[in-house]
Participant: 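I'd like to ask you about the structure that follows.
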Amino acid sequence: MQSSKLIIPTLKETPADAEIISHQLLLRAGFIKKQAQGIYTYLPLGWKVMKKISDIVRIEMNKRDAQEIMMPIIQPAELWQESGRWHVYGKELMRLTDRHENDFCLGPTHEEVVTDVIRSFVNSYKQLPVNLYQIQNKYRDERRPRFGLIRSREFLMKDGYSFDRDEAGLDKSYQAMYEAYSAIFTRCGLSYRAVEADSGAIGGSNTHEFMVLADSGEAAIVFCEHCDYSANIEKAKMDLSYQDHEPMDVLEKVLTPNQKTIVDVSTYLQRDPKKSIKALLYKARYEDRQEIIVAFVRGDREGNEIKIQNSLGALSIDMDIDEQEILDLGIHRGYIGPIKLAKVKIVLDEEIMRLRNLVCGANEDDHHYINVNYDRDFQCDLIADIKEVREGDLCPICRSPLSSARGTEVGQVFKLGTKYSQSMHATFLDENGKAQPLVMGCYGIGISRTMQACVEQNHDERGMIWPVSIAPFEVVILPAVHKNIEQMNMARDLYHEMQEMGIDILLDDTPERTGVKFANSELIGYPIRITVGKLIEQGKVEITIRKSMETTEVSIAEVSEKVKELLGTI
RNA sequence: CGGGGCAUAGCGCAGUUUGGUAGCGCACCUGGUUUGGGACCAGGGGGUCGGGGGUUCGAAUCCCUCUGCCCCGACCA
């Protein structure tokens with residue numbers, strides 16, 4: 001391809017509404033154009049990268065006997081009513097009505113449709129297992145689209161679904177997809193981690209998220225450098241073998257005037273914050289009711305709201321609590337403790353049980369207890385893991401200190417079980433002629449998000465740096481002086497030669513000044529640049545590696561072979 | 001949905017406080033000079049100042065209202 005025939009609208013200035021570097025670079029390099037909030041056109045270079053990612057996905061999926069299909073974007077409400085999600089999904093689901101007043105939605109995901117497809121055509125255990133996938137636009141009316149393609153309302157996604165006769169079959173399908181995903185993200189040149197994750201409202205037993213590591217990532221993860229353990233912060237566990245062994249001292253109520261925070265109280269009483277109990281007040285909402293609960297964690301820790309919510313089995317929790325409600329329950333903000341707190345439900349972090357002689361609020365103003373011990377001084381309704389694990393806590397597997405990082409979720413593998421097959425009556429007959437619900441797994445990859453995550457991870461002050469596997473072009477050939485006939489002809493010759501060799505190459509034949517062409521090639525980030533300039537008088541051209549910006553002179557006779565070789569090694 | 005902010009040429013912005021009929025840089029077009037790191041000179045095109053309503057002799061500017069967008073938070077199969 002010749003760049004004079006492509007629309008590559010690069011910008012010198014950074015668009016004002018792009019917050020993170022990858023979003024800015026995609027806009028500046030002319031990969032995408034925003035059409036509405038969270039809705040983008042993929043311009044030629046951007047779409048080319050997306051196609052390369054999609055092709056890698058297809059190869060790895062097909063290798064594992066997954067079959068590509070194409071389901072409709074527009075889905076009938078009936079299917080969603082059948083699964084129950086028409087009413088559960090909320091405003092995120094884009095709904096529309098046709099001229100006959102029939103309800104439809106734009107698919108945010110395709111469990112309903114794929115389940116309907118399978119139940120129509122799969123009736124026997126002999127047809128199993130089956131794995132179907134598609135690569136298609138998805139729609140979620142996000143409350144707050146942001147970061148360009150990272151959180152958009154329309155996005156390209158590979159979604160796949162496996163159907164097995166039992167859990168053992170699902171385990172195999174899941175494992176195959178896990179391996180496919182690892183292969184895909186490796187081939188895309190990404191630094192990623194597969195982390196254990198919370199399964200969320202969808203239910204299901206097991207799930208891993210594939211996280212591309214990036215400081216701008218929306219998710220926090222912890223991982224172990226010494227073993228394979230890694231988990232989303234919402235799910236992360238830590239080693240709990242630590243145990244205080246000091247003798248229990250006498251419980252005592254002490255005066256702590258105006259000392260409300262952990263830091264204040266600890267300083268005032270001259271105690272380590274780790275030897276205190278922090279209280280977190282929440283309103284938990286259930287399907288039929290709501291209640292105030294108090295969660296207790298070690299003084300220097302934070303609670304994790306997802307864990308707290310899961311431990312309660314609540315639909316949601318928040319801190320939106322009326323002060324009067326607190327007073328009615330006899331709760332004194334700043335002085336909350338687990339002793340004699342009869343009117344509210346208590347959730348205690350399991351770590352507290354292992355600690356001795358703690359400080360906690362006395363449930364009356366200006367007073368705390370010291371030397372508090374679990375069981376001797378108080379009990380509670382619920383003991384669970386509700387703390388936020390952090391860097392330095394010990395790995396639950398090998399007890400090495402954990403590391404932490406931020407990541408962008410680009411893929412997820414999920415054991416769905418029979419949630420949809422049961423509600424939608426997708427069954428097969430087993431050897432005994434008995435109807436059984438299909439056991440499902442679902443597997444997603446955000447293609448558009450992966451493209452941006454790659455930029456977020458691979459860039460420098462000059463612009464993007466693409467891995468060869470998904471670069472918009474593998475090589476750009478750049479005649480230094482546009483009007484120099486010899487240079488241009490030589491560039492064209494080399495361009496044709498390398499094209500014939502199967503190299504994905506772009507000829508920059510635009511009548512720009514040299515500096516502009518250099519700057520644009522670095523902004524766009526082609527892995528290799530060949531500069532055809534003055535050196536052709538000596539029978540040479542220059543090869544520049546984008547990543548290192550290392551330039552070498554190569555004789556014209558050898559350049560194509562050299563490029564071929566480099567593409568395999570960088 | 002709560003809080004904050006913005007909307008003026010394709011992009012980035014000034015002008016709004018104090019009302020007088022719109023400007024700068026980049027980009028674009030023409031001509032010329034340049035040509036190995038985002039050139040220079042000269043000329044030029046492009047705006048119902050987000051929409052609607054109001055105040056006024058007169059509104060980008062003041063008032064009301066709607067819409068869109070950005071940031072923080074909440075939310076996120």
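Residue numbers start from 1 in every chain, and the chains themselves are labelled A, B, ... in the order their sequence lines are given, proteins ahead of strands.
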Participant: Once you round it to whole Å, what is the distance between C1' of A77(B) and CE of Met440(A)?
Facilitator: 12 Å
Participant: Between Ile317(A) and Val532(A), name the one whose nearest nucleotide on RNA chain B is closer to the 5' end.
Facilitator: Val532(A)
Participant: Less than 6.0 angstrom from the centroid, inside 45 degrees of the normal: does Lys415(A) satisfy that with respect to the ring of Tyr174(A)?
Facilitator: yes
Participant: For G25(B), what is the paired nucleotide under Watson-Crick or G-U wobble rules, both distances under 3.5 Å?
Facilitator: C11(B)
Participant: Any pair with a residue in residues 476-491 of chain A that passes salt bridge (charged side-chain N to carboxylate O under 4.0 Å, His left out), sequence neighbours left out, goes on the list, sorted by first then second residue, please.
Facilitator: none
Participant: Taking atom P in both C69(B) and A22(B), what distance in whole Å separates the two?
Facilitator: 30 Å
Participant: Counting Watson-Crick and G-U wobble pairs only, both distances under 3.5 Å, name the nucleotide matched with U30(B), or none.
Facilitator: A42(B)
Participant: Mind checking the C1' distance from C70(B) to C28(B)? Whole angstroms is fine.
Facilitator: 28 Å
Participant: Watson-Crick or G-U wobble partner for G2(B), using a 3.5 Å limit on both distances?
Facilitator: C72(B)
Participant: How is Asn520(A) classified with respect to the nucleic acid when contacts are heavy atoms under 4.0 Å: base, sugar-phosphate, or nothing?
Facilitator: base
Participant: Please give the distance between the P atoms of A9(B) and U48(B) as a whole number of Å.
Facilitator: 9 Å
Participant: Within residues 87-97 of chain A, which residues have any heavy atom lying less than 4.0 Å from an atom of RNA chain B?
Facilitator: Tyr89(A)
Participant: Please output the side-chain donor-acceptor pairs of residues 30-37 of chain A that fall under 3.5 Å, not counting sequence neighbours, one pair per line with the distance.
Facilitator:
from, atom 1, to, atom 2, distance (Å)
Lys34(A), NZ, Asp17(A), OD2, 3.3
Gln35(A), OE1, Thr41(A), OG1, 2.6

Participant: When the distance from CD of Gln24(A) to P of G12(B) is rounded to whole Å, what number comes out?
Facilitator: 12 Å
Participant: Base, sugar-phosphate, or nothing: which does Lys517(A) touch, judged by heavy atoms less than 4.0 Å apart?
Facilitator: nothing
Participant: So, are Asp141(A) and Lys91(A) salt-bridged, with charged N and O less than 4.0 Å apart?
Facilitator: no
Participant: If you find the nucleotide of RNA chain B closest to Tyr443(A) and the one closest to Arg143(A), which residue's nucleotide is nearer the 5' end?
Facilitator: Arg143(A)
Participant: For Trp86(A), is the NZ or CZ atom of Arg95(A) found under 6.0 angstrom from the centre of its six-membered ring and inside 45 degrees of the ring axis?
Facilitator: yes
Participant: Using only side-chain N and O atoms of Arg513(A), determine if any of them is under 4.0 Å from OP1 or OP2 of A39(B).
Facilitator: yes
Participant: Could you measure between the two C1' atoms, the one in U8(B) and the one in A59(B), and give it in whole Å?
Facilitator: 14 Å
Participant: Take the protein atom CD1 of Ile306(A) and the nucleotide atom C1' of C75(B), then report the distance between them rounded to whole Å.
Facilitator: 10 Å
Participant: What are the atom names and distances for every N/O pair under 3.5 Å that joins the protein to nucleotides 24-30 of chain B?
Facilitator:
from, atom 1, to, atom 2, distance (Å)
G25(B), N2, Glu13(A), OE1, 2.7

Participant: Starting at atom CH2 of Trp80(A), determine the distance to atom P of A77(B), rounded to an integer number of angstrom.
Facilitator: 12 Å
Participant: Can you find a donor-acceptor N/O pair under 3.5 angstrom joining the side chain of Glu522(A) to the base of G37(B)?
Facilitator: yes
Participant: Quantified in whole Å, what is the C1' atom distance between nucleotide G47(B) and nucleotide C11(B)?
Facilitator: 15 Å
Participant: Which pair of non-hydrogen atoms, one from Glu154(A) and one from Ser152(A), has the smallest distance, and what is that distance?
Facilitator: O-OG, 3.0 Å
Participant: List for me each residue that meets side chain to side chain contact (heavy atoms under 4.5 Å, CB included) alongside Ser560(A), sequence neighbours excluded, and say none if there are none.
Facilitator: Glu497(A), Met498(A), Met501(A)
Participant: If I take atom CD in residue Glu142(A) and atom P in nucleotide C76(B), what distance separates them, rounded to the nearest angstrom?
Facilitator: 11 Å
Participant: Rounding to an integer number of angstrom, what distance separates C13(B) and C40(B) when you compare their C1' atoms?
Facilitator: 24 Å
Participant: Check if the side chain of Arg140(A) and the base of C76(B) share a donor-acceptor pair of N or O atoms closer than 3.5 Å.
Facilitator: no
Participant: Rounded off to whole Å, could you give me the CD-to-P distance for the Gln412(A) and C76(B) pair?
Facilitator: 13 Å
Participant: Which part of the nucleic acid, if any, lies within reach of Val481(A) when heavy atoms closer than 4.0 Å are counted: base, sugar-phosphate only, or nothing?
Facilitator: sugar-phosphate
Participant: For nucleotides 68-71 of chain B, give me every protein contact, N/O to N/O, under 3.5 Å, one pair per line with atom names.
Facilitator:
from, atom 1, to, atom 2, distance (Å)
C69(B), OP1, Gln37(A), N, 3.1
C69(B), O3', Lys34(A), NZ, 3.1
C70(B), OP1, Lys34(A), NZ, 3.3
C70(B), OP2, Gln37(A), NE2, 2.5

Participant: Indicate, yes or no, whether a donor-acceptor pair under 3.5 Å links the base of G36(B) to the side chain of Arg529(A).
Facilitator: no
Participant: Aromatic contact between His208(A) and Tyr178(A), with the criterion being ring centroids under 6.0 Å apart: yes or no?
Facilitator: yes
Participant: For G31(B) versus C63(B), give the span between their P atoms, rounded off to a whole number of Å.
Facilitator: 49 Å
Participant: Could I get the full list of side chain to side chain donor-acceptor pair (under 3.5 Å) partners for Ser83(A), not counting sequence neighbours?
Facilitator: Glu112(A)
Participant: With Arg492(A), which residues qualify under side chain to side chain donor-acceptor pair (under 3.5 Å), at least two apart?
Facilitator: none
Participant: Applying salt bridge (charged side-chain N to carboxylate O under 4.0 Å, His left out), which residue pairs with at least one partner in residues 447-462 of chain A are found, sequence neighbours left out?
Facilitator: Asp460(A)-Arg546(A), Arg462(A)-Glu522(A)
Participant: Given G38(B), G36(B), U35(B), which nucleotide is nearest the side-chain atoms of Glu542(A)?
Facilitator: G36(B)
Participant: Between G4(B) and G19(B), how many Å separate the two C1' atoms, rounded to a whole number?
Facilitator: 28 Å
Participant: Please report, rounded to the nearest Å, how far the C1' atom of G38(B) is from the CD1 atom of Ile524(A).
Facilitator: 13 Å
Participant: Under the side chain to side chain donor-acceptor pair (under 3.5 Å) rule, collect the residues that match up with Thr544(A), sequence neighbours excluded.
Facilitator: Thr551(A)
Participant: Please enumerate all residues that pass salt bridge (charged side-chain N to carboxylate O under 4.0 Å, His left out) together with Glu78(A), with sequence neighbours excluded.
Facilitator: none
Participant: Who does U16(B) pair with, Watson-Crick or G-U, both distances under 3.5 Å?
Facilitator: none
Participant: Tell me the interatomic distance from Glu218(A), atom CD, to A77(B), atom P, rounded to whole angstroms.
Facilitator: 12 Å
Participant: Could you pull out all residues at least two apart from Glu19(A) that satisfy salt bridge (charged side-chain N to carboxylate O under 4.0 Å, His left out)?
Facilitator: none
